[in-house]
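Only heavy atoms go into these numbers, but all of them, side chains included; no hydrogens, no water, no symmetry mates.
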Amino acid sequence: MRTPAAARELGPDDEAMRLWARANGFHVNNAGRIPSAIREAYRLATQGVVDAGQTPGNG
């Protein structure tokens with residue numbers, strides 16, 4: 001059984017994720033679900049993951 005959206009608890013980083021998304025050219029609503037593409041981009045950006053095909057020191 002799925003939990004209604006209004007009953008879901010927001011993650012602790014949702015507001016930070018929305019601010020980051022706007023600062024990086026993503027369109028994100030003030031409320032509601034944050035699209036998975038934005039979540040993934042945020043995760044990659046904030047965890048310091050190197051883009052595919054690049055190695056540290058070869059930039």
Side-chain angles (χ1 to χ4, degrees):
M1 183 164 139
R2 294 180 65 170
T3 303
R8 289 187 199 132
E9 186 176 328
L10 294 177
D13 292 329
D14 282 356
E15 187 58 29
M17 196 178 308
R18 289 178 202 285
L19 291 171
W20 176 89
R22 289 183 189 111
N24 287 278
F26 290 93
H27 172 76
V28 62
N29 293 327
N30 292 330
R33 189 181 74 78
I34 298 173
S36 60
I38 293 175
R39 289 187 177 278
E40 180 66 6
Y42 176 79
R43 184 187 68 80
L44 292 173
T46 59
Q47 290 184 358
V49 175
V50 178
D51 290 338
Q54 294 183 358
T55 57
N58 282 352

Could you report the tightest heavy-atom contact between [X] and [Y], atom names first, then the distance?
X: Ala45; Y: Trp20; result: CB-CZ2, 3.5 Å
X: Val28; Y: Arg22; result: O-NH2, 3.4 Å
X: Ile38; Y: Phe26; result: CG1-CD2, 3.7 Å

I'd like to check Ile34 versus Tyr42 (side-chain heavy atoms, cut-off strictly below 4.5 Å). Are they in contact?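 No, side chains not in contact.
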Lys/Arg-Asp/Glu bridge criterion (N-O < 4.0 Å) met for Arg39, Asp14: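 Here Arg39 pairs with Asp14 in a salt bridge, since their nearest N and O are under 4.0 Å apart.
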